[in-house]
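Numbering of ligands and ligand atoms starts at 1, following listing order.
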Amino acid sequence: MKLIVGTQEEVIKKAAQRYVKLLNEKPEAVLGLATGSTPLGLYAELVKLCAEGKISFAKCTTFNLDEYIGLDGTHDQSYRYFMNKNLFEKVDIRMEATHVPSGAVKSDEEAEQYDAEIKAAGGIDLQLLGLGVNGHIGFNEPLTPFTSMTHIVKLTDSTREANKRFFASIDEVPTHAYTMGVRDIMQAQRVLMVASGANKAQAIKDAFFGPVTPQVPASILQLHGDVIVIADEAAMSKF
Ligand code: F6R
């Protein structure tokens, strides 16, 4: 694992450079993407780099990690909507090459189909991850089997609590979601985790400086051969 620590601004710039390098070397790369607060600055930087002609998404394919069940893509808290507004509509990507599980349906077939599409695309070249305060990656909550593929999850109270800031009340936060599994994430060629803020410090410590255990889903990344963690000083404050 390679660890890069910097200011918030450096974190964004350094993460963005990974995409410039990858997409210049392999324009048809398959990107695994994340939502949440963490990637917002990175996506804004990628939009800027695309407008400046330094990066192009025209040939790439994307797969998002997860989606709430019960919200369709037009709901402003769905992850499809988030991706459209923060990245896809602002860069030169082909919309049909962007994939987010459909939260409009709840079925195991949808999950299986998602994995089949990732496989058909040739697998993920670079998987972007944020880190949950409980150590989750995607919506793989503590005790998710390391062997899991895309599946339906019941969200934990702590995750619903952490995400309620985006909804009018906690009752509106969906109870279930689709998530790529831990194995999907481990099968990516490269993983880029971005973490910022003091509320991630314990999760960073548990994930990368403690035992590998399903109690801390992100800890499995210690066994991945190509992981870069880019974190700000606050997120590294317990190390
Ligand atoms: C989102 C995702 C989640 C988040 C994590 C951190 O697609 O997969 O694992 O990355 O919950 O969320 P933020 O960035 O909002 O702190």
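Counting heavy atoms from C-beta outward, Lys90 and Phe57 have side chains that stay 4.5 Å or more apart.
Remark: Lys85 qualifies as a cation-pi partner of Tyr81 under the 6.0 Å distance and 45° angle criteria applied to the six-membered ring.
Using a 30° and 60° split on the angle between ring planes, Tyr68 and Phe139 fall in the tilted class, from 30° to 60°.
Counting only residues at least two apart or in different chains, salt bridge (Lys or Arg N to Asp or Glu O under 4.0 Å) contacts with residues 103-127 comprise Lys26-Asp125.
Residues Thr150 and Tyr114 approach most closely at OG1-CD2, 3.9 Å, considering heavy atoms.
Of the candidates Thr38, Val194, Leu65, Leu65 is the only one forming a side chain to side chain contact (heavy atoms under 4.5 Å, CB included) with Leu129.
Contact shell of ligand 1 (protein heavy atoms, cutoff 4.0 Å): Ala34, Thr35, Gly36, Ser37, Thr38, Leu65, Asp66, Gly130, Leu131, Gly132, His136, Gly138, Arg165, Lys200.
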